[in-house]
Amino acid sequence: MSLSQALSIAMSGLRANQLGLSLTSSNVANSDTPGYIRKTVNQIQTSSGSIGAGVSVTGVNRELDLYLQQQIRTEQSGASYADLRSSILSSLQSIYGTPGGTGTLETAFNNLVTAVQGLSTSSDSQSARIGVLNAAQSLTQQLNSMSGGIQSLRSQAEAGLNSAVNTANTAMQQIVNLNTQLQSGNTSDAAAAALKDQRDQYVDQLSQLMDIRVIDSGNNQIQVFTNSGVQLVGAEASTLSFNPQGTVTPNTQWDADPTKSTLGTLAVHFPNGGSLNLIQTNSIRSGTIAGYLELRDKTLVQAQTQLDQFAANMSSLLSDKTTAGTAVSSGASNGFDLDLSGLQNGNVIHLTYTDVGNVQHQLSLVRVDDPSVLPLSNNATTDPNDQVIGINFSGGMASVTSQLNAALGSAGLQFSNTGSTLRVLDDGVGTATVNAASVTSTTSSLQGGSGEVPLFTDGNALYTGAITAAGQQSVGLAARIRVNSQLVGDPAKLVQYNATTPSGDTLRPDFLYQQLTAGKSLYSPSTGFGTSTLPFQATLLNFSQQVASAQGQAADSAKQIADGQDVVLSTLQQKFNSQSGVNIDEEMAHLLSLQNAYAANARVMSTVKQMFDTLMQV
């Protein structure tokens, strides 16, 4: 080996040692930097013929397990979704309170029942009457407060979506910017490795917001897609858009039809033009964004529906009166007369008939004053066995009978009216047999000669179950429910159901107590209980207990899932750090080895120099 070869080998070793020392120092300095990946020198032995000629540095390695990295990103998405859901459900649980505890719907309702029971035993007591009204007001305030809490959480979700979209857009644009830098520069040096670290951090940030998959397209370029196949990053970045709404109320709902939607819609706009509604297509299925969407549009809407239906059924149980029709006949035709004078928007005429095939049909004829909502779906009532027909009452009784004959004449039913009295008859030839008919109407007066009384109102209006272009009256009722102001002004009407009610009469207090404790109602599947074919039926107390229990279980389950997801993510992160993170002890040992190698190469160079000096003196 010549002296020149020895010098060349020593110099190549020094260059490799210098880069190794620089990377090791950087590793140590960035040991606590989030997202930093340990760097090592990629070097190969060079040779001249059969003789080793030194070492050549071919680049910088990032000690990265790509498969493990993708697993972490998948779990990051799931953990973000689970943690957010657990947090919001925990907040929702505090709104509902602990079953049986103070400040809960169940407790407020039980206080009302106790007050009404006291009125039944002391109906002539002014303090007992005031006690009922105070308990009723406490219950309405509880419903108002809980509804406000739920809508506050929905508002948080709306704001959270807006923030998440802004963060996602920034991350996607930064990934494109770093792709561009890596494509145009030296892709194997330490600077490129640092750029890849930065790019990975933005990808990780994006993976917390939504479920993504990353594709290496070569030349140090990556593409990012959602797991549903929507491209977010290619040669250019797509852009997410979200139009946040101001105040969120029970009546603000997302709808695929933009003319009907009153909540922010999430869409992606592609660089080449075109866009996609990400909510309608269910394109984001995990991560913070998916969590906010589910909570805003499903979980919290269901919670509001539970309160609304409790408020609606409680109001109806106390104020609605069902009156059976009077049997009548005309020649061979038989049927019933129904007094519709008290029927109001949303009230129902119930009709049961048997057809020629001996099949029984149950009809719910719903009064509608806004024809724009017609026809009604069968979901307009919670009865799974009825056929719902909306009847427009805005044109008067003649129009009502005309609509009924048009809708049901072919079934063998005949309708006519005398004033506000509706007559329904079969055709007398056996096509149909009218089995039963009744009218359920809302009592509007405090004195109606019976126990029913509108103790609760929708603001200053009666609750009748009205269906209008704005939707069903029950939606958001828990936020608007009040104690009837007429009763507040005249508590005696809690007992005096007509002008001749004797002192100490308990008919109305007994009725109220019976309805509050034993009255049962059907609840829509939108409450999370029952199904469309087998709806949940319960008393008010049982329903309130069921709701509180279900919310508690949901919060506990969400926390367990979140804790489990966090454990999985932590385990993967620890494994990743052990392979790709910086171990100070290992780096210091490597640093010592590099220093020794550097000293050895320097010694070789010094020796070669001395030998050259000696030769030059010969």
Side-chain angles (χ1 to χ4, degrees), residues 92-150 303-304 306-320 446 451-459 463 477-496 506-521 523 527 538-552:
L92 182 61
Q93 164 87 33
S94 34
I95 291 172
Y96 276 82
T98 304
T102 58
T104 65
L105 179 62
E106 178 187 349
T107 299
F109 176 74
N110 282 332
N111 289 341
L112 174 61
V113 171
T114 300
V116 171
Q117 186 178 30
L119 182 62
S120 294
T121 59
S122 305
S123 60
D124 56 352
S125 168
Q126 181 69 2
S127 62
R129 297 168 183 174
I130 298 298
V132 169
L133 294 176
N134 288 341
Q137 286 178 329
S138 294
L139 177 55
T140 59
Q141 290 167 3
Q142 181 70 30
L143 286 166
N144 298 161
S145 174
M146 294 174 71
S147 179
I150 291 171
Q304 180 67 48
Q306 292 168 351
L307 296 184
D308 289 342
Q309 292 207 7
F310 176 88
N313 285 339
M314 180 174 65
S315 300
S316 296
L317 281 170
L318 303 184
S319 64
D320 285 4
L446 299 184
E452 292 82 11
V453 60
L455 176 58
F456 299 104
T457 58
D458 181 358
Y463 175 74
L477 179 62
R480 307 185 305 267
I481 191 170
R482 301 288 185 273
V483 176
N484 193 325
S485 59
Q486 295 182 49
L487 282 171
V488 174
D490 188 2
K493 294 300 188 295
L494 284 170
V495 176
Q496 296 171 0
T506 62
L507 186 150
R508 177 164 281 177
D510 288 345
F511 171 81
L512 295 177
Y513 181 77
Q514 176 68 19
Q515 292 296 91
L516 289 173
T517 57
K520 289 187 176 182
S521 304
Y523 292 86
T527 61
T539 64
L540 292 168
L541 178 60
N542 287 343
F543 182 71
S544 67
Q545 292 172 333
Q546 183 78 7
V547 166
S549 176
Q551 290 295 345

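Index from 1, following the sequence. Excluded from the calculations below are hydrogen atoms, water molecules and symmetry mates; all remaining heavy atoms, backbone and side chain alike, are included.
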Among residues two or more places apart or on two chains, list those pairs meeting salt bridge (Lys or Arg N to Asp or Glu O under 4.0 Å) that have a residue in residues 104-130.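 Qualifying pairs, neighbours excluded: none.
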
Can you give me the closest heavy-atom contact between [X] and [Y], atom names plus distance?
X: Gly451; Y: Phe511; value: O-CD2, 3.4 Å
X: Leu317; Y: Gln515; value: O-NE2, 2.8 Å
X: Ala128; Y: Ser122; value: CB-O, 3.7 Å
X: Asp320; Y: Glu452; value: O-CG, 3.5 Å
X: Leu307; Y: Ala478; value: CB-CB, 3.7 Å
X: Ile481; Y: Ser315; value: CD1-OG, 3.8 Å

Mind checking whether [X] and [Y] have side chains closer than 4.5 Å, heavy atoms only?
X: Tyr96; Y: Ile150; result: yes
X: Tyr463; Y: Ser319; result: no
X: Leu139; Y: Asn111; result: no
X: Gln309; Y: Val547; result: no
X: Thr539; Y: Thr517; result: no

Just how far is it from atom [atom1] of [X] to atom [atom2] of [Y], taken to the nearest 0.5 Å?
X: Lys520; Y: Asn313; atom1: NZ; atom2: CG; result: 13.5 Å
X: Tyr513; Y: Thr506; atom1: OH; atom2: OG1; result: 13.0 Å
X: Gln545; Y: Leu105; atom1: CD; atom2: CG; result: 10.5 Å
X: Leu477; Y: Ser147; atom1: CG; atom2: OG; result: 9.5 Å

Do you know which of Leu455, Asn484, Ile130 makes side-chain contact (heavy atoms from CB on, under 4.5 Å) with Leu494?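 Of Leu455, Asn484, Ile130, side-chain contact (heavy atoms from CB on, under 4.5 Å) with Leu494 is met by Leu455 alone.
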
Given Arg508, Lys493, Gln486, the one that forms side-chain contact (heavy atoms from CB on, under 4.5 Å) with Val453: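 Of the listed options, the one satisfying the test is Arg508.
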
Using atom types as modelled and distance alone, determine if a side-chain donor or acceptor of [X] lies under 3.5 Å from a backbone N or O of [Y].
X: Ser145; Y: Gln141; value: no
X: Ser544; Y: Leu541; value: yes
X: Gln551; Y: Gln93; value: no

Taking the six-membered ring for Trp, are Tyr523 and Phe543 parallel (under 30°), tilted (30 to 60°) or perpendicular (over 60°)?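 Correct class here is parallel.
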
Can you give the donor-acceptor pairs under 3.5 Å from side chains of residues 112-120 to other protein atoms, not counting sequence neighbours?
unit_1	atom_1	unit_2	atom_2	d
Thr114	OG1	Asn110	O	2.9
Ser120	OG	Val116	O	3.3
Ser120	OG	Pro509	O	3.4
Ser120	OG	Asp510	OD1	3.2

Side chain to side chain contact (heavy atoms under 4.5 Å, CB included) involving Arg482 - partner list, sequence neighbours excluded: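 Applying side chain to side chain contact (heavy atoms under 4.5 Å, CB included) to Arg482 gives Asn144, Thr457.
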
Using the side chain to side chain contact (heavy atoms under 4.5 Å, CB included) rule, take Thr98 and Thr104 through it: C-alpha gap first, then chi angles, then the decisive distance, then the call. CA-CA 7 Å; Thr98 304; Thr104 65; 5.6 Å; no

